[in-house]
Amino acid sequence: MDLEKQNLIKKINNGLSLKDVPEIYRDDDEVVAAAVILNGMELQYASDRLKDNGDIVFSAVFNNGLALQFASERLRNLDTFVSTAVENNGLALEFASDKLKNDINIVLNAVNNNPDALKFASEKWQKNPVLQNANKEVIETLNNLSYELKNFEYLPLEYFEKENQEILDFAMDIVENVLQNKPTDAFHIVYRKEIYELVEKTIQDKTKELEENAKAKDDLNIEMA
């Protein structure tokens with residue numbers, strides 16, 4: 001590292017902003033990294049190349065989730081960066097791609113950090129009555145539930161058009177039914193097992209139904225052949 005760069009990084013560590021450094025250094029990995037580690041919002045002054053650099057952007061959103069707004073479109077569509085951002089500041093959901101605004105895990109992480117983040121979710125989740133009325137404890141439980149569901153490896157996912165999305169939709173419907181029968185403020189971790197069992201049964205029933213429908217369709221095709 002040359003002496004000029006060393007001195008510049010020392011100045012950044014002492015509070016110098018990237019906006020006040022020569023433009024050539026705004027495209028320097030080491031200089032920009034030093035800045036965003038201290039203040040993620042400094043990402044706005046980085047070059048376009050570094051706004052698309054995974055290491056730089058991760059450091060920025062880890063420090064300040066709102067720095068996501070300055071990341072490249074590509075990185076704002078990757079859940080690693082968006083998850084890190086919304087866990088730091090739920091309102092960073094505003095700057096996620098439309099695809100990730102519709103990802104229930106991302107939305108739950110954001111709302112868990114800041115309930116106001118729900119207004120930046122996709123219309124589908126904004127209108128979801130469970131998310132509209134749930135308190136922090138419920139959101140944490142839903143977050144764990146969605147994680148569990150996404151790790152059910154034995155499910156025949158080929159039956160679902162959008163991988164796990166329909167499974168999560170079933171889960172949300174079931175959770176809503178549970179909440180209708182239990183006061184929201186009394187909802188607690190002890191109910192998780194009950195919810196998991198209900199979800200699993202619903203998924204199994206739906207899977208069986210889809211398998212039977214598929215078999216009936218195949219049988220009909222054979223008869224008509």
Worksheet item: If you count the non-hydrogen atoms of other residues, nucleotides and ligands that lie under 6.0 Å from OH in Tyr25, is the total more than 12?
Response: yes

Worksheet item: Taking all non-hydrogen atoms of both residues, which atom of Ala71 and which atom of Leu43 are closest, and how far apart?
Response: N-CD2, 3.9 Å

Worksheet item: Does one hydrophobic cluster hold both Val32 and Leu16, with members joined at side-chain heavy-atom distances below 4.5 Å?
Response: yes

Discussion item. Could you measure the distance from the CH2 atom of Trp125 to the CD1 atom of Ile106? Nearest 0.5 Å is fine.
Written reply: 13.0 Å

Worksheet entry | Straight-line distance of Ile56 CD1 to Glu30 CD, nearest 0.5 Å | 9.5 Å

Worksheet item: In Å and rounded to the nearest 0.5 Å, what is the CD to NZ distance from Gln44 to Lys51?
Response: 7.5 Å

Item to complete: Please tell me if the side chains of Val82 and Leu68 come closer than 4.5 Å, counting only heavy atoms from C-beta onward.
Response: yes

Discussion item. Within the structure provided, determine whether Leu91 and Leu66 are in side-chain contact (heavy-atom separation under 4.5 Å).
Written reply: yes

Practice prompt. Would you check if the side chain of Gln69 reaches a backbone N or O of Phe95 as a donor-acceptor pair within less than 3.5 Å?
Written response: no

Worksheet entry | Separation between CG of Leu93 and CG of Asn113, rounded to the nearest 0.5 Å | 10.5 Å

Worksheet item: Tyr45 and Ser17: which non-hydrogen atoms are nearest, and at how many Å?
Response: CE1-OG, 3.7 Å

Worksheet entry | Note, Arg76 side chain near Val57 side chain (heavy atom, < 4.5 Å) | no

Worksheet item: Short question: side chain of Asn64, backbone of Gly40 - any donor-acceptor pair under 3.5 Å?
Response: no

Worksheet item: Nearest 0.5 Å, what's the CZ-OG1 distance between Phe58 and Thr84?
Response: 4.0 Å

Discussion item. Using modelled atom types and a 3.5 Å cut-off, is there a donor and acceptor pairing between side-chain atoms of Asn112 and backbone atoms of Leu108?
Written reply: no

Discussion item. Can you give me the closest heavy-atom contact between Ala46 and Leu18, atom names plus distance?
Written reply: N-CD1, 4.5 Å

Practice prompt. Check whether any side-chain N or O of Asn114 sits under 3.5 Å from a backbone N or O of Gly90 as a donor-acceptor pair, and report yes or no.
Written response: no

Worksheet item: Would you say Asp98 and Ser122 make side-chain contact, with heavy atoms under 4.5 Å?
Response: no

Discussion item. Can you tell whether the side chains of Asp79 and Lys99 come within less than 4.0 Å, N to carboxylate O?
Written reply: no

Practice prompt. Is it possible for you to say whether Ile37 and Leu75 belong to one hydrophobic cluster, with membership spreading through side-chain heavy-atom contacts below 4.5 Å?
Written response: no

Discussion item. Do Phe70 and Glu42 make a side-chain contact, defined as non-hydrogen atoms from C-beta onward lying under 4.5 Å apart?
Written reply: no

Practice prompt. State, without any angle test, whether Ser97 and Glu73 hold a side-chain donor-acceptor pair at a distance under 3.5 Å.
Written response: no

Worksheet item: Is the backbone N or O of Gln126 less than 3.5 Å from a side-chain atom of Lys119, with the two atoms forming a donor-acceptor pair by type?
Response: no

Item to complete: Would you confirm whether Arg26, through its side chain, and Lys19, through its main-chain N or O, come within 3.5 Å as a donor-acceptor pair?
Response: yes

Worksheet entry | Heavy-atom side-chain proximity of Leu50 to Asp27 below 4.5 angstrom | yes

Fill in: Shortest non-hydrogen contact from Ala60 toward Val36
CB-CB, 3.9 Å

Item to complete: Write down the atom of Ala35, the atom of Ile12, and the distance for their closest heavy-atom approach.
Response: CA-CG2, 3.7 Å

Discussion item. Can you confirm whether Ile9 sits close enough to Asn13 that some side-chain heavy atom of one is under 4.5 Å from a side-chain heavy atom of the other?
Written reply: yes

